There are 2 protein chains.
Amino acid sequence: MAEHPTFPAEPVPEELPADELLYELADLFRVFGDSTRIKILYALHDRELCVQDIANLLALSQSAVSHQLRVLKDSKLVRFRREGKTVFYALDDDHVRSILSMGMDHLEE
Amino acid sequence: MAEHPTFPAEPVPEELPADELLYELADLFRVFGDSTRIKILYALHDRELCVQDIANLLALSQSAVSHQLRVLKDSKLVRFRREGKTVFYALDDDHVRSILSMGMDHLEE
DNA sequence: TTTATATATGAACGATTGTTCATGTGTTCA
DNA sequence: TGAACACATGAACAATCGTTCATATATAAA
């Protein structure tokens, strides 16, 4: 590395996680990085909702919601169950709530 | 949705956080949603580094690193201190490490 | 089957993003 | 001063993204 005075004794050279893992991590956070998806996740924070309910609640088109739900589903952030013609979506697990909560904590500093 | 009574006997979890807050949250996660920035954050996980060291370590141009450090700085994810001609960057606080860690946990499910 | 309803999806378009290249700013030392 | 070094920044371009629109699929009821 470059030559410059290092004041504290520097610990062992740290290694980064594998590149592939870092790409996956960025991909995951990118999913959280859109306000429509964030709104959908918060709408599902404490209950399950069907597609049209989400669209009505957030004043979005059915198509836009459906497209974004697919993204959320692919990232395993939401799960769904079909009941007749209706499909209900819910947060996949508490992990999702934790990530949202951590982000909120950072904003409130 | 439901109208809330004057004295709610139960918590009202169905309410979404204010729109502005949700936009800020999405903006925050968007910063984590790029592999270059994720790599920089991990490079700084346990030490401070100057710009050129980051560029060398991650095989990136000085300009690209500098641009991304500005994004990270604007989001309060990194802090910096100047020492002569050199500028050292470090993670701003443990919060950043927590968010990274939460994301990794989700991937490892 | 036919019709109605709920959801999913493909194409396309405008908007945003991350990089490179060139240059500007700030600091040190001769 | 002036040269050299470390870093920051503006413009521009390709690539990616989220929406709309049109249409497809799936289920239920008639």
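Please read all numbers here as calculations on a predicted model, not as lab measurements. So you know, we letter chains A, B, ... as the sequences are listed, proteins then strands, and number each from 1. Quick note: numbers below take in every heavy atom, side chains included, and nothing from hydrogens, waters or symmetry partners.
- Proximity of B:Arg82 to the phosphate of D:dC7: no side-chain N or O atom is located under 4.0 Å from OP1 or OP2.
- The interatomic distance linking B:Asp27 (CG) with C:dT17 (P) rounds to 8 Å, in whole Å.
- B:Gln52 has its CD atom 20 Å from the P atom of C:dG26, to the nearest Å.
- Residues B:Val96 and B:Val78 have side chains not in contact (no heavy-atom distance under 4.5 Å, counting atoms from C-beta outward).
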Which atom pairs link the protein and nucleotides 20-25 of chain C when you take only N or O atoms and keep those under 3.5 Å?
{"from": "C:dT20", "atom 1": "OP2", "to": "B:Ser61", "atom 2": "OG", "distance (Å)": "3.0"}
{"from": "C:dT20", "atom 1": "O4", "to": "B:His67", "atom 2": "NE2", "distance (Å)": "3.3"}
{"from": "C:dC21", "atom 1": "N4", "to": "B:Ser63", "atom 2": "OG", "distance (Å)": "2.7"}

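- The distance between atom CD of A:Glu83 and atom P of D:dA28, rounded to the nearest whole Å, is 10 Å.
- A:Leu22 has its side chain within reach of A:Pro17: a pair of non-hydrogen atoms, C-beta onward, lies under 4.5 Å apart.
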- Message: Evaluate B:Arg79 against B:Asp93 for salt bridge (charged side-chain N to carboxylate O under 4.0 Å, His left out), listing each step before the verdict.
- Response: CA-CA 9 Å; B:Arg79 56 187 158 75; B:Asp93 60 19; over 6 Å; no

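- Contact annotation: A:Tyr89 side-chain N/O to C:dA8 OP1/OP2 distance is under 4.0 Å.
- Within a 6.0 Å sphere centred on CZ of A:Phe88, other residues, nucleotides and ligands contribute more than 12 heavy atoms.
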Please tabulate the protein-to-nucleotide N/O contacts below 3.5 Å involving nucleotides 14-18 of chain D, giving atom names and distances.
{"from": "D:dG18", "atom 1": "OP1", "to": "A:Arg37", "atom 2": "NH1", "distance (Å)": "3.1"}
{"from": "D:dG18", "atom 1": "OP1", "to": "A:Arg37", "atom 2": "NH2", "distance (Å)": "2.5"}
{"from": "D:dG18", "atom 1": "OP2", "to": "A:Arg37", "atom 2": "NH1", "distance (Å)": "3.3"}

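- Residues B:Phe29 and B:Ile99 come closest through the heavy atom pair CE2-CG2, 4.4 Å.
- Considering only the side chain of A:Lys85, C:dT5 comes nearest among C:dT5, C:dA8, D:dA6.
- Both tests pass for A:Lys73 against the ring of A:Phe80: distance under 6.0 Å to the centre and angle within 45° of the axis.
- The interatomic distance linking B:Arg81 (CZ) with C:dT27 (P) rounds to 15 Å, in whole Å.
- Atom P of nucleotide C:dA6 and atom CD1 of A:Ile54 are separated by 14 Å, given to the nearest angstrom.
- Using cut-offs of 30° and 60° for the angle between ring planes, the A:Tyr42 and A:His45 rings count as parallel.
- Regarding B:Asn56, its CG atom lies at a distance of 14 Å from the C1' atom of D:dC5, rounded to whole Å.
- Here the P atom of nucleotide C:dT17 and the CG atom of B:Asp74 are 13 Å apart, to the nearest Å.
- Atom CD1 of A:Ile40 and atom C1' of C:dA8 are 14 Å apart (whole Å).
- Classified by interplanar angle (parallel below 30°, tilted 30° to 60°, perpendicular above 60°), the ring pair A:His95/B:His106 is perpendicular.
- Hydrophobic clustering (side-chain heavy atoms under 4.5 Å, transitive across Ile, Leu, Val, Met, Phe, Trp, Tyr) keeps A:Ile54 apart from B:Tyr23.
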